[in-house]
Structures are given as structure tokens and as C-alpha cells.
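The structure under discussion appears below in the form of C-alpha cells.
Model, not experiment: these values are computed from the prediction.
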Amino acid sequence: IFDTQDGLPRSLRTRCGCPGPARRLSFFGATNDRDLIVGGAWEGAGFVAKVSFIQAHQNNDFSQAAWRKLPYSLKSPATNPTRVPPLIDLAFCETRQFDWPAVVTVHEGTDAALVWSGLHQALAPKILKPPGDCGPVSAVAISVCGNYCVVGLESGALHRFNLQSQLHRGPIPQEREKIEPGRKAAKAAAKVALKAHRGRVCGVAITAGGQVVSAASHPSDCSLRLWGLMT
């Protein structure tokens with residue numbers, strides 16, 4: 001409004017739903033049309049927030065207090081010690097938010113996905129980390145039932161997790177057995193690691209029928225691929 005002596009305008013009322021630019025957003029909550037869940041980056045750190053379409057005082061930035069409790073290996077010297085790294089991808093299952101933390105995010109330079117509670121609007125002291133040294137995580141998806149989570153890696157691998165227990169349930173596709181000649185199969189079975197893509201997984205989704213859809217950004221792997229969630 002223009003009510004100052006110098007004639008310059010001043011802000012009468014402002015409304016801000018999240019602290020910085022959004023990278024991922026989606027309708028969230030039981031009403032499905034009144035709230036947004038937003039993830040993004042601001043000043044070198046990431047955030048997850050809820051934005052209300054009804055009342056501004058219901059906007060909320062999810063707490064990140066549990067970041068201090070997570071493994072030190074997730075944090076680099078350039079990482080803010082009190083804030084998560086900038087967000088890359090976000091997935092959630094709103095039907096399970098009252099049962100267990102059901103919001104999962106992927107952040108720059110981290111080798112594990114972070115888990116958040118939509119009910120308590122806070123980061124949970126839990127992670128979804130593939131076994132071994134697999135490299136940074138780049139994409140994430142959650143099944144419609146809220147029981148399974150699939151994370152994609154920059155190496156091209158896909159891994160499946162149980163979201164309730166955060167336990168690793170194997171790679172996608174499944175490792176195949178390689179039998180060495182001249183030995184018994186029971187003693188000589190060795191697992192051969194397979195990758196879903198040749199390069200960085202840039203997107204992953206899970207259909208209602210239990211199919212995993214993944215895409216990579218590698219120049220020689222520009223295609224969508226379908227995988228069975230349980231096989």
C-alpha cells in the first residue's frame with residue numbers, strides 16, 4: 001500500500017509457504033486439495049515444507065533436528081551441520097503417514113535416502129541405504145500401498161526397501177546365480193550384480209499394478225524400462 005510520507009509502497013501482508021525455490025511439489029493430505037508438500041533448496045541447504053491453501057498460519061517447514069543423529073558418512077565438509085543437503089527428488093504415501101514415516105527424499109551427494117514423518121512434520125532418524133559403496137542416490141518412488149520404496153542411483157542401479165522397517169529387500173533386477181563348472185551348485189553359487197541402467201537413474205515410479213518404471217540420463221540408455229516390484 002502507499003501510505004508512507006515519501007510515497008513509496010510498503011508490503012501490507014505477505015504469505016510464504018516455503019523458505020526457497022521448490023524443486024518437487026505435490027498435493028498432500030487426506031483432503032488432497034488443500035495442502036501441498038514441497039521440497040527444494042535454499043542457500044546451500046535443502047528443505048521439506050507443507051503449504052496450506054486455506055490458512056497461512058498452517059504453513060510449516062519440516063523439522064530437521066534428527067539430521068545431527070544420522071551417520072556422519074552422509075555429511076561432507078561442505079554440508080551444513082544442521083540442515084540437509086539440497087533436495088533432488090521426493091516421494092510419499094499419505095495413506096501410511098499415521099502408521100510410520102512415509103515421506104522419502106533424495107539429496108545431492110548423499111548415498112542414502114532420508115525418511116520423514118508427515119504426521120509429525122519432522123525428519124526421522126532413519127535412512128534407506130543400499131549395501132556396499134554404491135554411490136549417491138538420484139531418484140525415489142513409493143508403492144501405492146506404502147510398504148515398499150525403490151531408490152535409483154547415479155551408478156544406474158535400482159534397490160528395493162521395506163519402508164516400515166527400512167530393511168533392504170534386494171536390487172532390481174534380482175542378482176542372478178553364476179555356477180562355476182566342476183563344483184556343486186549349492187556351494188559354488190555366486191551372485192552376479194546386475195544394473196537396471198547404464199548411467200544415472202533420473203526418474204523412477206511405481207504403478208498401482210506393482211510395476212516399477214525407471215528412466216536414465218545416459219546417452220546410450222534413453223528408454224523407459226519396466227520391472228516387477230516383487231520379482
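Checking side-chain atoms of Ser138 against main-chain N and O of Val201 turns up a donor-acceptor pair under 3.5 Å. In this structure, Arg160 contributes its side chain and Arg169 its backbone to a donor-acceptor pair below 3.5 Å. Using modelled atom types, no side-chain atom of Ser217 and backbone atom of Cys202 make a donor-acceptor pair closer than 3.5 Å. At least one donor-acceptor pair closer than 3.5 Å links the side chain of Gln64 to the backbone N or O of Gly46. Glu154 places no side-chain N or O within donor-acceptor distance of the main-chain N or O of Gly135, the cut-off being under 3.5 Å. Listed for the Asp89 side chain is a donor-acceptor partner under 3.5 Å among the backbone atoms of Val140. Looking only at distances, no side-chain donor or acceptor of Asn59 sits under 3.5 Å from a matching main-chain atom of Val51.
Considering only heavy atoms from C-beta on, Val115 comes within 4.5 Å of Leu128 through its side chain. You'll find the side chain of Lys129 stays beyond 4.5 Å of the side chain of Val137, heavy atoms only. Ile206 places none of its side-chain heavy atoms less than 4.5 Å from the side chain of Val144. Residues Leu226 and Val213 meet the side-chain proximity criterion, which asks for heavy atoms closer than 4.5 Å. You'll find the side chain of Phe47 reaches within 4.5 Å of the side chain of Val38, heavy atoms only. Leu70 has its side chain within reach of Leu123: a pair of non-hydrogen atoms, C-beta onward, lies under 4.5 Å apart.
For the 3.5 Å distance criterion, the side chains of His218 and His197 fail to qualify, holding no donor opposite an acceptor.
Ionic pairing of Arg83 and Asp61 is present here: one or more N-O contacts between side-chain nitrogen and carboxylate oxygen are shorter than 4.0 angstrom.
Among residues at least two apart or in separate chains, there is no ring-ring contact (aromatic ring centres under 6.0 Å, His included) pair with a member in residues 96-115.
Checked against side chain to side chain donor-acceptor pair (under 3.5 Å), Arg225 has the following partners two or more places apart in sequence or in another chain: Asp221. Among residues two or more places apart in sequence or in another chain, the side chain to side chain donor-acceptor pair (under 3.5 Å) test is passed with Gln121 by Asn60.
Under the 30°/60° scheme for interplanar angles, the aromatic rings of His159 and His168 are found to be tilted.
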